[in-house]
Participant: 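Here it is, the structure in full.
All values below come from the heavy atoms of this structure, side chains included, with hydrogens, waters and symmetry mates left out. Each chain gets a letter, A, B and so on, in the order the sequences are listed, and its residues count up from 1.
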4 protein chains.
Amino acid sequence: MADNKHENILMAAQKLFAERGYDGTTVPMIAEEARVGAGTIYRYFENKQMLVNELFRGSVARFAATLHEGFPEQNDFRKRFRHVFYRLVRYSRENPEAFRFINAAANAYFLDEVSKSDFEGFMDFIERHLDEGKKAGLLRGLPAQAFIAIVYGTVFHLSRMFEDGTLEPSDELLAGIEESCWDAVSAD
Amino acid sequence: MADNKHENILMAAQKLFAERGYDGTTVPMIAEEARVGAGTIYRYFENKQMLVNELFRGSVARFAATLHEGFPEQNDFRKRFRHVFYRLVRYSRENPEAFRFINAAANAYFLDEVSKSDFEGFMDFIERHLDEGKKAGLLRGLPAQAFIAIVYGTVFHLSRMFEDGTLEPSDELLAGIEESCWDAVSAD
Amino acid sequence: MADNKHENILMAAQKLFAERGYDGTTVPMIAEEARVGAGTIYRYFENKQMLVNELFRGSVARFAATLHEGFPEQNDFRKRFRHVFYRLVRYSRENPEAFRFINAAANAYFLDEVSKSDFEGFMDFIERHLDEGKKAGLLRGLPAQAFIAIVYGTVFHLSRMFEDGTLEPSDELLAGIEESCWDAVSAD
Amino acid sequence: MADNKHENILMAAQKLFAERGYDGTTVPMIAEEARVGAGTIYRYFENKQMLVNELFRGSVARFAATLHEGFPEQNDFRKRFRHVFYRLVRYSRENPEAFRFINAAANAYFLDEVSKSDFEGFMDFIERHLDEGKKAGLLRGLPAQAFIAIVYGTVFHLSRMFEDGTLEPSDELLAGIEESCWDAVSAD
DNA sequence: AATGAATGAGGTTTCATTCAT
DNA sequence: CATGAATGAAACCTCATTCAT
């Protein structure tokens with residue numbers, strides 16, 4: 001266990017913010033979870049709000065990286081769609097707390113403008129990707145945002161179910177849902 | 001404006017909890033929004049936690065009523081599916097704060113067991129409805145929960161977009177999305 | 001004992017700031033001295049800094065009122081000088097804590113601009129008064145500020161001595177010192 | 001700049017205590033100003049209170065030395081009075097921070113008994129000097145303490161004015177004020 | 001000897017709750 | 001009934017002090 005306090009604090013905050021929200025999480029709670037003194041947190045973060053913003057931006061950046069990494073070079077839209085779907089699922093499953101936190105915090109009053117625009121930039125990537133599919137005539141005559149609602153909304157809810165045990169994840173299930181989502185957005 | 005303080009307080013709390021979350025909302029904030037004294041809140045609710053639970057249960061009950069009301073008697077699954085979809089959308093659009101609050105609060109640490117089981121009961125209705133479609137062989141070979149993720153998740157995300165103006169609602173758009181969802185879950 | 005909490009808090013703060021300075025005085029100390037809960041102080045003052053500034057301005061205003069009240073109408077400079085001297089002494093003796101506080105806090109970093117300019121306005125009155133004496137040829141060829149140093153400085157130090165018992169005040173003593181000050185500033 | 005940390009710390013503390021008071025100055029502030037680590041301060045001083053006391057005593061000792069040095073041997077009271085006045089002024093001008101700190105800290109709750117009695121001893125020297133003048137019949141029929149109020153109080157206030165630029169020091173001005181003070185205390 | 005990261009006691013401030021009016 | 005002034009526990013944050021390096 002490398003004694004990286006900065007990272008420990010962020011991970012502790014991640015967990016607690018996901019469980020109890022920003023205002024429901026106290027700094028001493030974070031300190032205890034991170035196994036540091038409460039004052040130590042203020043050596044690494046200016047205040048609680050800076051901490052939550054730094055955490056949010058880091059999580060969004062890793063989320064974006066997950067999505068971008070391995071994004072198919074050739075313009076095979078079906079392949080790209082599948083990539084995006086599986087990467088959304090992968091991030092939500094490998095970082096369930098981060099994923100839950102990002103979605104709960106997006107647009108929250110404690111986020112600063114940089115954080116909000118970082119998140120928008122992330123969503124824009126998905127939107128641009130779907131727009132390509134529309135231009136190629138592969139998708140229905142709905143706004144790209146509607147497709148986001150379907151795909152992202154589905155993954156979001158799925159992640160909740162995986163987390164609380166309502167649903168057990170399996171390759172088969174995910175393949176089925178990916179196909180469902182594709183059928184929901186593809187033309188004809 | 002009838003001077004129904006009990007109701008005013010609940011509506012004020014609804015609005016604020018939706019905007020700032022449970023812990024980010026103070027009792028004096030609720031009092032000001034409801035145009036009552038802070039002490040008055042304690043004549044109608046034992047404490048803040050009881051208030052949030054009563055609010056949650058009321059919202060879930062109205063949500064359930066919206067869904068049940070007009071549920072097609074005859075066993076026409078396609079019609080019933082459409083009913084459920086449109087009623088989810090109707091509730092989310094007519095009570096955006098309540099809808100946002102319900103989804104943010106579901107499973108939150110401040111809910112008591114009664115509230116949690118009320119919400120589960122509500123979800124069970126949707127699940128049972130989808131199970132019928134499966135039994136009738138009209139839906140794909142996926143768990144009913146997966147369909148919930150798709151439909152409910154889509155409506156949830158859609159509602160967010162309507163609220164923040166990312167997407168403009170229209171009959172045509174909703175019809176298109178309803179069809180998408182149906183295509184996502186129906187067999188063939 | 002009228003239960004004027006606002007006033008009680010100001011008086012408690014006055015006493016403690018005079019004894020221990022602004023930073024050496026804690027809000028709970030003020031609360032205890034004022035016989036109120038710590039939180040109550042924040043119903044009357046936005047924060048500690050607003051409290052110290054309101055206190056300062058009130059004290060300066062009463063100091064100025066003491067000086068202005070009964071200021072001789074006729075332009076008899078000697079009489080006016082005596083008036084100013086005795087009123088400085090009166091305020092410092094009737095409000096030793098306020099006087100000590102004003103002198104310690106003038107120019108302090110926790111005072112806002114309004115407070116500082118209030119104090120300057122007060123000092124300006126004394127300066128204008130002395131300037132009249134200079135114009136009338138009754139005072140020495142020194143800047144009015146030098147006279148302030150002599151008169152105000154003397155009264156300030158005198159007040160300290162009265163407070164800590166180093167010197168016992170008496171009419172005779174004050175008359176003697178007033179004469180000394182006059183001899184220090186008057187021409188010839 | 002010799003690397004005398006002990007001295008650097010004292011000088012840094014001097015400056016900061018003069019500007020912000022004892023409680024308004026933090027140990028890290030002193031460390032930064034002295035260009036040492038915060039922990040280093042505790043190698044040279046037991047704690048903050050010991051530091052402030054040591055500083056106070058050193059400043060008072062240098063103040064006393066300034067006054068004693070060159071004190072006229074022959075019993076020429078007028079000369080001695082002038083010496084004292086000019087040495088008070090000299091110290092206050094050459095060590096404005098120390099002078100301001102001494103006067104603000106005298107009697108403060110954080111000074112220990114040794115520090116307080118050191119300061120009293122210093123004041124006693126001035127008092128004894130003035131008593132001689134009284135015995136020689138050269139001064140008015142006022143207590144020596146009253147003369148201290150006049151002379152020390154004047155110099156104290158003058159120093160404030162020099163520091164904040166309200167008054168510009170000059171040989172002529174000082175000569176004039178010294179004469180004023182003498183006229184304030186001398187018989188006839 | 002010197003440092004500065006780490007800490008927890010204690011500072012300022014907020015807020016759920018009570019209660020006299 | 002309704003209120004909002006009052007409160008103290010607990011929140012956020014600071015800082016004197018310690019101690020491993």
Participant: Does a side-chain heavy-atom distance below 4.5 Å link C:Leu10 with C:Leu51?
Facilitator: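 In short, these two side chains touch, coming nearer than 4.5 Å.
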Participant: Grab the CZ-C1' distance between B:Phe110 and E:dA16 for me, whole Å please.
Facilitator: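 Rounded to whole Å, this separation is 16 Å.
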Participant: Where the side chain of A:Lys48 is concerned, which of F:dA16, E:dT7, F:dC12 is the nearest nucleotide?
Facilitator: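 Within the option list, the nearest is F:dC12.
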Participant: Of the nucleotides E:dT14, E:dT3, F:dA2, which has the atom closest to the B:Lys5 side chain?
Facilitator: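 Given the options E:dT14, E:dT3, F:dA2, the side chain of B:Lys5 is closest to F:dA2.
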Participant: Would you say a side-chain N or O of D:Arg43 is under 4.0 Å from OP1 or OP2 of E:dA1?
Facilitator: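 Yes, within the criterion.
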Participant: So with a 6.0 Å cut-off around NZ of D:Lys15, is the heavy-atom count from everything else above 12?
Facilitator: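 Not more than 12 within 6.0 Å, no.
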Participant: Within this structure, what is the CD1-to-P distance between C:Ile41 and E:dC15, rounded to whole angstrom?
Facilitator: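 C:Ile41 atom CD1 is separated from E:dC15 atom P by 18 Å.
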Participant: For A:Val27, report the nucleic acid contact type (base, sugar-phosphate, nothing); a contact means any heavy atom under 4.0 Å.
Facilitator: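 Sugar-phosphate: the residue A:Val27, judged by heavy atoms under 4.0 Å, touches backbone atoms but no base.
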Participant: Figure out the CZ/P separation between A:Phe45 and F:dC13, and round it to whole Å.
Facilitator: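 Going from A:Phe45 (CZ) to F:dC13 (P), I get 13 Å.
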Participant: Using a cut-off of less than 4.0 Å, is there contact between a side-chain N or O of A:Tyr42 and OP1 or OP2 of F:dT14?
Facilitator: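 Answer no for this pair, as no side-chain N or O of A:Tyr42 is under 4.0 Å from OP1 or OP2.
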Participant: Sort out the partner of E:dA20 for me: Watson-Crick or G-U wobble, both distances under 3.5 Å, none otherwise.
Facilitator: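 Result: F:dT3.
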Participant: Reading DNA chain F from 5' onward, which residue's closest nucleotide shows up sooner: A:Tyr22 or D:Met29?
Facilitator: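 In this pair, the answer is A:Tyr22.
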Participant: Could you tell me the separation between the CG atom of B:Asp23 and the P atom of F:dA10, rounded to a whole number of Å?
Facilitator: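 Result: 15 Å.
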Participant: Is it the case that more than 12 heavy atoms not belonging to A:Met11 sit under 6.0 Å from its CE atom?
Facilitator: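 It does not: A:Met11 CE has 12 such atoms or fewer within range.
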Participant: Find the distance between CG (C:Asn103) and CZ (C:Arg100) and round it off to the nearest 0.5 Å.
Facilitator: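 Between atom CG of C:Asn103 and atom CZ of C:Arg100 there are 9.5 Å.
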Participant: In whole angstrom, give the distance that lies between atom CE of D:Met50 and atom C1' of F:dA16.
Facilitator: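 Atom CE in D:Met50 sits about 15 Å away from atom C1' in F:dA16.
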Participant: About how many Å separate CG of B:Asn53 and NZ of B:Lys116, when rounded to the nearest 0.5 Å?
Facilitator: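 Here the interatomic distance stands at 9.5 Å.
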Participant: How close or far is atom C1' of E:dG4 from atom NE2 of A:His6, stated in whole angstroms?
Facilitator: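 Rounding to the nearest Å, NE2 of A:His6 and C1' of E:dG4 are 17 Å apart.
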Participant: Name the pairing partner of F:dC13, where a pair is Watson-Crick or G-U wobble with both distances under 3.5 Å, or state none.
Facilitator: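 By the stated definition (distances under 3.5 Å), E:dG10 pairs with F:dC13.
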Participant: Keeping the roles fixed (side chain from C:Ser115, backbone from C:Arg57), state whether a donor-acceptor pair exists under 3.5 Å.
Facilitator: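 Side chain of C:Ser115 to backbone of C:Arg57: no pair is present.
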Participant: Quick one: D:Ile9 CD1 to E:dA1 P, roughly how many Å, whole number?
Facilitator: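 It works out to 13 Å between those atoms.
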Participant: Would you indicate which nucleotide in F:dA2, F:dA16, F:dT7 comes nearest to any side-chain atom of B:Thr40?
Facilitator: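 Minimum distance to the B:Thr40 side chain belongs to F:dA2.
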Participant: Taking the side chain of A:Thr26 as its heavy atoms from C-beta onward, which of F:dC15, F:dC12, E:dA6 lies nearest to it?
Facilitator: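 Nucleotide nearest to A:Thr26's side chain: F:dC12.
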Participant: Could you check B:Glu46 against C:Gly39 and say which one's nearest nucleotide on DNA chain E is further toward the 5' end?
Facilitator: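 Final value for this comparison: C:Gly39.
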Participant: Roughly how many Å is it from CD1 in C:Ile30 to P in E:dT12, rounded to a whole number?
Facilitator: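 That distance rounds to 8 Å.
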Participant: D:Asn47 has a side chain; which of F:dT17, F:dA16, E:dA16 sits nearest to it?
Facilitator: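 Closest of the options to the side chain of D:Asn47: F:dT17.
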Participant: Would you indicate what C:Tyr44 reaches in the nucleic acid, counting non-hydrogen atoms under 4.0 angstrom: base, sugar-phosphate, or nothing?
Facilitator: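 It contacts sugar-phosphate atoms only.
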Participant: If you assign each of A:Thr25 and C:Arg35 to its closest nucleotide in DNA chain F, which residue comes earlier from the 5' end?
Facilitator: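 Closer to the 5' end of DNA chain F: C:Arg35.
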